[in-house]
Structures are given as C-alpha cells and as structure tokens.
Amino acid sequence: MGRTIFLLPVCALFLTAQTADDLFDDRVMHEVRIRINPADWRKLKENYLDNTYYACNFEWRGKQVENVGIRSRGKGSRSGVKPGLRVDFNRFEADQHFLGLKSVQLKNLVQDASMLQDRLGMLVLARAGVPTPRVAHARLFVNGEYAGVYSLTESIDKDFLKRTWGENNGYLYKFEVPPQPWHFDYLGPDPSRYSPVPFEPKTHEKDPDPAPLAAMMRAISLSPDAEFVSAVSEYLDLRRYVIQVAVETFLSDVDGILSPNNFYLYRFERRKRSAFIAWDKDMAFGWPENTIWLQTEENVLMRRCLRVPELRRLFFETLHLAAAITGTHGGWLFQEAARAYEQIRPSVLEDRMKICPNGQNVMASCTNERFEAAVASLARFIELRGEYVDGEAAAAGYTQTDDAPHLSGAGGTNSGAPAVLFGDGFTEGVSVWVNGFRAEVDSISLHEIWFRVPPKAQPGANPVTVIRDGVPSNTVTLEVTEG
Amino acid sequence: MKPVWLLLSVAAFAEEPSGIRFGMKERPRLEAGNWLAMDFRAKFQMDFRQFRDLEGEQDLFDLHRARVGIEGKFFTHFEFELERELSPTNEPWKDAYINYRRFRRFQIQGGKFKMPFGMDQLTGPAKLDFIYRSRIGSLLAPGRDVGFMVHGRLRKRALTYEAGVFRQDGENARSSDSRGAGDLGVAARLTTRPARYLPLPKLLHDLEAGAAITTSEIGEGQNGLRGRDIAKNTFFRRMDVAGRRRRFGTELRWTPGPFAVKGEFIGVREQRLGQSILGEDLSPLLSRGWYLTGLWRPLRKKSSETPLLELAGRYEQIRFGSAEHPGVASRSLRAGNILGNSDRVWTTGLNWKVHRYLRVQVNGIHEKLEDRQRAPVSNRLGYWSAVCRLQVVM
C-alpha cells in the first residue's frame, strides 16, 4: 500500500510530463487507440468522402481524451477500407487540447507501399531548413481491433505556426488543386480568383484577406525581368522557395510545390511576406533518374527564378547540398530508412488493411511482398539519387564558384577517430558531412579541417562534403576502415 | 384555361353535363349537381428579409410559399383537400387527404395531413399571427405525415378530440436525407372550452385549452431533432438517438374582445439507447420550449375572420440538452451530458389586411443564443432580423 502511494505521484509526473515531442518521437512505434461507437465507425467508412465528424475517445500511452472529433481525411488517399483520419481534440470542446495540440492527422499511407516516404521526405526537408510537420509511425487500434499502420502527423495549424515562427496570427492557407491546371499564373486583380480556391483559408476563415495573394501573383507573372527579384521579394523569400523546390526535386516529388500541390502558405502578421510549408511527401522517392527539370518550366515562379543567375546557382547548390546531407548507400538517409523499416515492419506485415497502388495505379489490397519490394526500391533511390542529380546539374553547366569551399583530398581512418580534409576556402562555421552524417569538427585552418568520423559512418568509401553558409563544396571520398 | 376546364368537366361529369357549374365568389368554384363542390385555392407569400447581423445572409428575397390546391366535398359526407407547393422543396405535396364527416362528433380522415399536435403548427399559413411560426411550432411539432385519424367535436366544441396513427412522425423531424423520422407515429390531441360547461365569467368565454402527445419508435442510425434559428442556421446539431421519441404539448388561447393571448409549451424526449461511444445507453435528449403571444386588433370587421389591422408581440424560448447531466458537459454528439443551447426570440409585428386577397405583415425579430461557439454571428450571441411579407391568398 505504502509503495503504491509512493508510486502514484511518480506515475502522475510521468503522465503529465508527456509532450507533443513525445507524440511525434519517431524513435518509437506508437500505439494509438480509438474508441468509437461501431455505428459511427461504419458510417465513417461508408461515407469516407464526406467530412462528417464523429465523436470518439483517443488514447495514447494511457492518456485518454474523451469526446474528440474524427473524420475521414485526404484527397487521393481517401479510403473506405483503411480511412485516413483527422483527429480534432477541440471539435466539441473549444478549450480541449491533447499535449497542447488542437488536432493531429492519422494518415493511412495508402499511396505508398513502403509506408516510409512521407516520413523520410519530411526528415530531409527539415534537415534542409524547410518548415515541415513532425511525423512518426503508429499502430492504430479501433475499438480494440488492429486497424493497421498509420502515420501520426502534426497538423499545420496555429500550434505549428507558433512552434515554427513564434507567431500565429497571420494568414494561413492550404493549397487546394483547382479544377483547371494552374501554375502560379496571374488570374487578374480579383482576389476571389485566388481564395478560397486554390488558397483555402485555414485561419481568419471569415476574413481571409486574399488581396495580397493577387498582388503576389501579379508580381510573379507580370514584373519585368529586371525587377522580378525585388518585386517578388516583397511577398516571398525567393531563396527559401528555391531551396524547398530543389530539395523536393532531389526527392523526386512529383506531387509537390512545383506541381503545384501539397503545401501551405503562411503570410506573417502585419506583413506582405509569406512562407511555404511542405505537406504530404508520400509521392516522393519515385524514380532515381527523374530529371531535375521536371515541372520547372510549367511553374511560372520557378521558371522565372531559374532565369536569375543567383537563384539558378542556388538551385544547383541545394541539389548538391541535399545529396551531401542525405548520403548514399549506408549513409544517413539510408540508415534512417533502415531504422524506420525495422521499426514498422512487424506491424506492416500484420496490417491486413494495407492498401497501395497496383500496376494500373489503382488502389488495391497491398501484399507484404509489395511492401518489401517498395522498401527495396526506396533504398535503391537513396543509393543512386545523389549521383544522378549531381551528374545532371554538371551537365547543365553547374560548377563551383571560386569562393566556394574546395576539397582536394581526405585522410581516412576508422569510425569515431580523427580524420583530415585538405583543400581551401575553409572558414569558421563550416560543417563537414560524411555520407549524410554531420561530423564533429575539431579544428579548422585555411587548408585543413580536422574532424571526427561520425560513429555511424559505415566502413568503406564515404562521400564527404563541406558546407559553408549553405554553399557546398565538391565531394571527395573518405575511406573509413573497420575499427 | 377554358379548354382545360371543359375537358375536366366532360371527363368527370359526362353523365350529368347539365349539373356542372363554374363560378367565382371568393375563389373559383366548381359544382356538379349536389354531389361535388370544389374550390380552387392559391397561396403566395413573398418575403423581403434582412438579417442585419448575419454574415452572407443580407437582403434576401424569398418566395416562401407558392401553393395551389383544391378542396371541397363530394357525396355530401366526404371532404377532401389537395395542395402542392410550386417552389422547390423536398416535400412538394402538402395536404392530400379525404375526410369522412357523417357526424361532427365522429369523423375519419386519411391521407397526408398535419398530425394533431401543436396549436401553432396546426394554424394555416395564411392565418399566422407572425411571419414565421414559433420555434417550437417549426422544430418540435411533427407537422405532416401520411396516416389516418378519428376526430370530432362534442357539445359545440366543449371538447374536441383528434387521435391518429401515422407512417412516421412528421416532416419536421426528418432531415434532407430522411434520417430523423420515427416509425409508426401515434398522436392524440384534446382541446376544451371550459365556458361551455362551467359557469365562467363572460370574459373567459373564449378561453380554450388543450394538450397533445405523440409517440414513435426511432430506429438505430436515426437523428434527433435539431435547433435552427429564424434564418435556418443550425445552433444545435442533430444528435444520434435510438428508442422512443415522445412529445408532450399544452396550449392555451384566450381572446377577450379586441385582444388575444396565446401560449404553448412543447417538450420532446428522445431516448439514446446504446448511443454512447462505448455503445452504452445515454441520458435522453430533451428539447423543450414555449411561447407567449399577445395580440391587439383595433380594427376588425365582424363579418371577417381575419382582422384588418393587428399588432402582435411574442416572446419564446427553445432549448436543447440532455435530460441528465453526468460528468462534464460536451458538444459531442455522443456526450452523456450534452452542453445545451437555447434560442430566445422576441418578435414584434404588424399585420394589415389590405384587401380580401392581400395581406401585409412586418416583423422585427431579435434572437439571442446561449452558446457563443454555435452562434451564427462571430462572437455575438444576439442579432436582429427584419422581414416584410406580401401574402396573396385566394
């Protein structure tokens, strides 16, 4: 009895100590339990194209929230067999939160047989500094029955904005694909041509103030070439935009910001300037030989950016930087993929609801063999993509500038031990990347960098790149020996 | 039109062409001998509305009713009515029934007509004291359904009774996808005029009181009654209900001289068996409300049923919530303790009978909701509406 009394406050402390970071911690396979009236679950699945909310209880790590609203979610991923779910903690209670969150997304991962692409895509984008939601995998149980593997994805809402930029009273829009193809063209001065479609307001819904959107599109399409950068920079940070496009291009995302699709736009409080937020990367990692020029000509904004020499160079540099921070076989992204695969594999094999596109690109029941094949294909992408992208950039005329850091060689050793890089252009603040792993730097001189080989670097040839102020060097090979 | 009438006449009364008469008194009338008399009726109500504080609901013109129909008698003891709404609606056929009236004290009616419940709901649309029915008359009373009933009046209306069985329990309970209807509705209503059998002062001679009940079975997957304001904004969503739906109503009408006072209370109790998130029974959904109307008729022709000029005021309240309140109140559709919401409405109005066929009504309406989160105006609980109606009835 005495021990129980002692343990109670400890347990209470443990429960209250959970945070949203724990919910999106991708180091563990989460377990989410939903209790819902069986009639509602049946209705939700039957009417999966509707956005009707149903009441349920949500439980994670023994922490339960009652009377939570859930509805079917997604666009192409909507399914009546394995419905994607939006969980609104404050749907019925305005003040109800869960770990400080108003809502969370339970994505059904039906557009990607590997079930890993969205999570890994977001990891890479976040590494490159692009605002992204947090993603982790979870086993979902509905009324005690296993409903399959889902991803727990952070909602892009005011909580996200506060976490990312420390403010959330600006204007947030979700891009909804319009009925007619549209690629950031100017549609005239009428703001209603831009919102609620394609820019659906997610804050200030009753007063979405779309006029700055019209002005931004005008600047994008109609500003003279000489004034393009200054005119558009009033509304967008063009460097950040090009970086996001380049990383999505590196990821071979055919359904991303260039298409355009799967992004949010946030206009900051009392400012004209907006920022893009990445969303849904489950169509990334498609084909390692996808050209880096895919969709760049259709999209007015990107087409004009690529005609500005500084932005064109930034595009190439970011492609190369993406290759450096992700690595190749045995590298950071490869190991992240392997870790995630090992984490979800038992649950995926047990998931009888899993769905994926078949040979005719139609959603159908997904076999374990297709899951394994998709993971193998993903690993192949990670191994090959960097080399292909670098090759295509070089073929397009990309060479390093004289003021970029340059590597001439590397002295190899074993994991965790000191190693040296030779070259020039090294200054304080450079970072060293060994097959996607960031190395601990010991000392920097004009022509040498001493660093520790990252413990996770695999024995064998590892590509090494130095990055200074976002500008990557050339890549050299470091032989890491068993040690 | 003439060829149509001729065709109808020839087809229907070919055996007695000489007995057919078509005339016009207050409205077109067709008579065939002593066995058929049929009036042609039309009702048009055009509303000019301004919902002052409601976003996106500004300055609306609404063709509220556009109905045509026939009513009359045949074979002496049979009465009938057939009425259809011409403007777009889910239920275009309104009244469609036959009434057998051999005796006043015992009549049998079958077809589609209003279930005997709710004084305000049972008042014809052309005779309403206000442009809009009371909230309880619109939302809680059942309205029309298909069925049959027996009814009659005893001792010069000292007692009237109506009791019937219906296929469901009224259009007002049904949603657009027909969910919400209770099966096999049973309804009964009694009204009495105490002055007919009690020695009451003359002032109370026109006092009339009544009570009514309905009961029906609501199957799994059906919805409960919902709350909507005058502009049809939902302030209380349809909840999941299952079990029995029971209505209880009382009414009072008193018309001393040029004044009139009317009041009504309706309560609806809907069971929620097995409706919790975990499939357990929940406390019933309770919807209830009342209104009190005061009227002054400074100008009235004795020969006319409808006064020339009328000043009217009404205060009403309607509230939705759960019968019991276990735990924390919630807006969830499956909450044990439902966080209720109510609408309190003031209506003031002027009714002017311009002509035999033309009536003008002007109403000012103020509504106040209880729950800010479910109010149609952002961060506002109260809001105004103004409505002017032109009514042409023949």
Side-chain angles (χ1 to χ4, degrees), chain A residues 32-47 49-59 64-72 85-98 102-103 141-145 147 169 192 195-196 201 203-209, chain B residues 53-58 175-177 179 218-224 226 233-234 236-243 272-282 285 321-322 325-341 370-380:
Chain A
V32 171
R33 291 181 177 269
I34 282 175
R35 294 298 299 264
I36 182 171
N37 187 289
D40 285 351
W41 184 238
R42 190 177 61 247
K43 276 188 273 184
L44 187 149
K45 294 211 281 188
E46 284 171 1
N47 306 303
L49 294 175
D50 295 348
N51 284 341
T52 307
Y53 276 93
Y54 301 89
C56 75
N57 296 347
F58 180 93
E59 187 184 327
Q64 182 172 292
V65 205
E66 294 184 351
N67 287 314
V68 164
I70 59 166
R71 67 163 173 85
S72 174
L85 300 168
R86 177 186 167 86
V87 182
D88 270 12
F89 300 112
N90 67 344
R91 178 71 192 173
F92 302 121
E93 321 298 333
D95 302 326
Q96 183 162 272
H97 291 72
F98 183 68
K102 292 190 186 78
S103 69
F141 289 83
V142 177
N143 293 335
E145 285 188 21
N169 204 30
S192 68
S195 185
T203 61
H204 302 280
E205 288 91 336
K206 290 184 176 172
D207 178 24
D209 188 19
Chain B
D53 300 319
L54 295 179
E55 293 148 19
E57 296 273 7
Q58 300 292 320
S175 58
S176 56
D177 58 359
R179 289 172 62 212
I218 320 166
E220 178 67 40
Q222 295 294 316
N223 292 142
R226 77 176 147 188
N233 297 297
T234 299
F236 189 86
R237 285 180 61 194
R238 292 182 184 278
M239 295 253 163
D240 294 285
V241 291
R272 298 193 292 157
L273 302 179
Q275 295 305 301
S276 85
I277 286 171
L278 306 178
E280 297 159 344
D281 296 348
L282 293 172
L285 175 64
S322 50
H325 307 284
V328 180
S330 166
R331 295 177 189 85
S332 159
L333 303 183
R334 295 194 181 275
N337 179 8
I338 298 168
L339 185 65
N341 200 6
E370 182 183 334
D371 184 4
R372 194 177 294 273
Q373 197 174 324
R374 286 177 280 190
V377 187
S378 305
N379 293 318
R380 292 269 305 271

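Every chain is numbered from 1 and lettered A, B, ... according to where its sequence line falls, protein lines coming before strand lines. Since the model is a prediction, treat every value here as computed from it, not as a measurement.
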Mind checking the [atom1]-[atom2] spacing from [X] to [Y]? Nearest 0.5 Å is all I need.
{"X": "B/I277", "Y": "A/N37", "atom1": "CD1", "atom2": "CG", "value": "8.5 Å"}
{"X": "B/L278", "Y": "A/C56", "atom1": "CG", "atom2": "SG", "value": "11.0 Å"}
{"X": "A/E93", "Y": "B/S332", "atom1": "CD", "atom2": "OG", "value": "7.5 Å"}

For A/N51, I'd like to know if atom CG has over 12 heavy atoms of other residues, nucleotides or ligands within 6.0 Å. yes
A/E46 atom CD, over 12 foreign heavy atoms within 6.0 Å: yes
List the steps and the verdict of side-chain contact (heavy atoms from CB on, under 4.5 Å) for A/D40 and B/D240. CA-CA 10 Å; A/D40 285 351; B/D240 294 285; 4.3 Å; yes
Could you have a look at A/V68, A/N67, A/N143 and say which one has the most heavy-atom pairs with chain B under 4.5 angstrom? A/N67
If you compare all heavy atoms of A/F92 against all heavy atoms of B/S330, which two are closest, and at what distance to 0.1 Å? CB-OG, 4.1 Å
Closest heavy-atom pair and its distance - B/E220, A/A39: OE2-CB, 3.7 Å
If you tally heavy-atom pairs under 4.5 Å between each of B/R374, B/Q373, B/R334, B/Q275 and chain A, the highest tally belongs to B/R334
Side chain, backbone, both or neither: which part of B/R237 has a heavy atom under 4.5 Å from chain A? side chain
